[in-house]
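Chain letters run A, B, ... following the sequence lines, proteins first, then strands; residues in each count from 1.
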Amino acid sequence: MPFKRYVEIGRVALVNYGKDHGKLVVIVDVVDQNRALVDAPDMVRSQMNFKRLTLTDIKIDINKVPKKKTLIDAMEKADVKNKWENSSWGRKLIVQKRRASLDDFGRFKLMLAKIKKAGIVRQELAKLKKETSA
Amino acid sequence: MAAKRKTPVKTRNPDLIRGVGKYSRSKMYHKRGLWAIKAKNGGVFPRHDPQPKAPAAVEKPPKFYPAEDVKKPLLNKRKPKPTKLRASITPGTVLILLAGRFMGKRVIFLKQLSSGLLLVTGPFKINGVPLRRVNQSYVIATSTKVDVSGVNVEKFDDKYFTKEVQKKTKKSEGEFFEAEKEDKKKLPEDKKEDQKAVDASLLKSIEGVPDLKAYLAARFSLKSGMKPHELVF
């Protein structure tokens with residue numbers, strides 16, 4: 001059971017607590033045993049406790065504490081945004097956000113769609129059952 | 001009293017320093033034109049004697065004194081302000097009723113009446129809610145809006161919704177038991193016509209939006225896992 005995701009310079013992490021909850025940040029330096037220096041294209045570089053971060057699989061190629069421009073270029077090269085949005089974890093978060101922002105009419109339409117989908121699935125299942133039993 | 005001037009007099013005696021005016025008493029006498037007023041009045045300053053007052057009505061001593069001094073309640077001239085309509089409620093908004101016979105029904109807001117209550121309709125054909133008054137506090141405003149430009153709600157006001165005054169008929173013993181027959185109150189035909197007129201144009205705009213008719217026909221309820229403080233309406 002070895003670890004697969006390591007804290008290293010260039011590791012992309014998700015903030016899971018605090019003002020920047022839900023943001024993707026890059027670990028740019030390690031301050032001490034508990035804290036990292038963290039940076040993202042739309043925020044001021046700051047320190048964060050590791051407990052506030054969840055490591056992802058994505059890693060980019062940067063040197064220790066790069067300039068903002070270098071960081072942004074490295075993120076573009078590694079295509080962090082698309083890799084994240086296509087990963088199953090990233091997709092789940094996007095769906096959660098969309099569901100939370102649905103208004104009452106949206107929730108009603110979602111319910112109708114779920115019922116319709118379940119009906120179609122059940123029909124197919126019944127067809128398959130008939131074939132196997134016949 | 002002498003007539004009041006429209007604009008207050010700007011002092012004709014500017015201050016040199018605080019407490020010391022520029023002009024002396026005699027100079028001010030001339031500046032104010034008191035000599036001209038005296039001249040107009042024949043050498044003396046005009047006086048206004050108090051007018052003879054009409055004789056006051058004779059107050060009779062009261063016929064009845066209460067046993068103990070009764071305190072008069074203080075006068076209350078407070079006028080309540082008109083009810084403020086929430087910014088999220090505009091004509092055509094779908095509202096969720098939270099209390100009463102139609103609890104959970106989704107209805108369409110038409111206008112705010114002068115009493116502050118909201119005029120609301122089902123439409124009747126869709127969910128059975130007639131033209132009705134509803135209090136703003138017992139309503140959740142959703143962000144869904146319906147086009148109500150074709151509806152004329154000018155004629156509806158609070159008087160339209162008051163109860164008919166029942167004439168008090170004296171009942172004798174025998175008639176008491178027969179009185180139950182007249183208790184059923186039929187809805188007058190013109191109210192039904194009003195409902196149909198308002199709903200006709202509404203139904204057209206509702207049918208233009210997919211699923212909206214079924215949405216208005218369904219009732220709202222909190223299900224497992226729904227947190228009201230996190231829900232977006």
Anything in residues 4-39 of chain A with a heavy-atom distance to chain B below 4.5 Å? Please list those residues in order. none

Take a 6.0 Å sphere around NZ of B:K204 and say whether it holds more than 12 heavy atoms from other residues, nucleotides or ligands. no

Mark yes when over 12 heavy atoms from residues, nucleotides or ligands other than B:F124 sit less than 6.0 Å from its CZ; otherwise mark no. no

Sort B:A214 into side chain, backbone, both or neither according to what part of it lies under 4.5 angstrom from a heavy atom of chain A. both

If you count heavy atoms of other groups shown closer than 6.0 angstrom to CG of A:N63, is the number above 12? no

Got a sec: does the NZ of B:K145 have more than 12 other heavy atoms crowding it under 6.0 Å? yes

B:L212 versus chain A, the contacting section by heavy-atom distance below 4.5 Å: both

Count the heavy atoms of every other residue, nucleotide or ligand shown that sit under 6.0 Å from CE of A:M43, and state whether that count exceeds 12. yes

Evaluate whether atom NZ of B:K22 has more than 12 neighbouring non-hydrogen atoms of other residues, nucleotides or ligands under 6.0 angstrom away. no

Within a radius of less than 6.0 Å around OH of B:Y138, do more than 12 heavy atoms belonging to other residues, nucleotides or ligands occur? no

Over 12 non-hydrogen atoms of neighbours within 6.0 angstrom of CD in A:E85: yes

Residue by residue, scan residues 98-124 of chain A and write down, ordered by number, those that have a heavy-atom distance under 4.5 Å to chain B; if none do, write 'none'. A:A100, A:S101, A:L102, A:D103, A:D104, A:F105, A:R107, A:F108, A:K109, A:L112

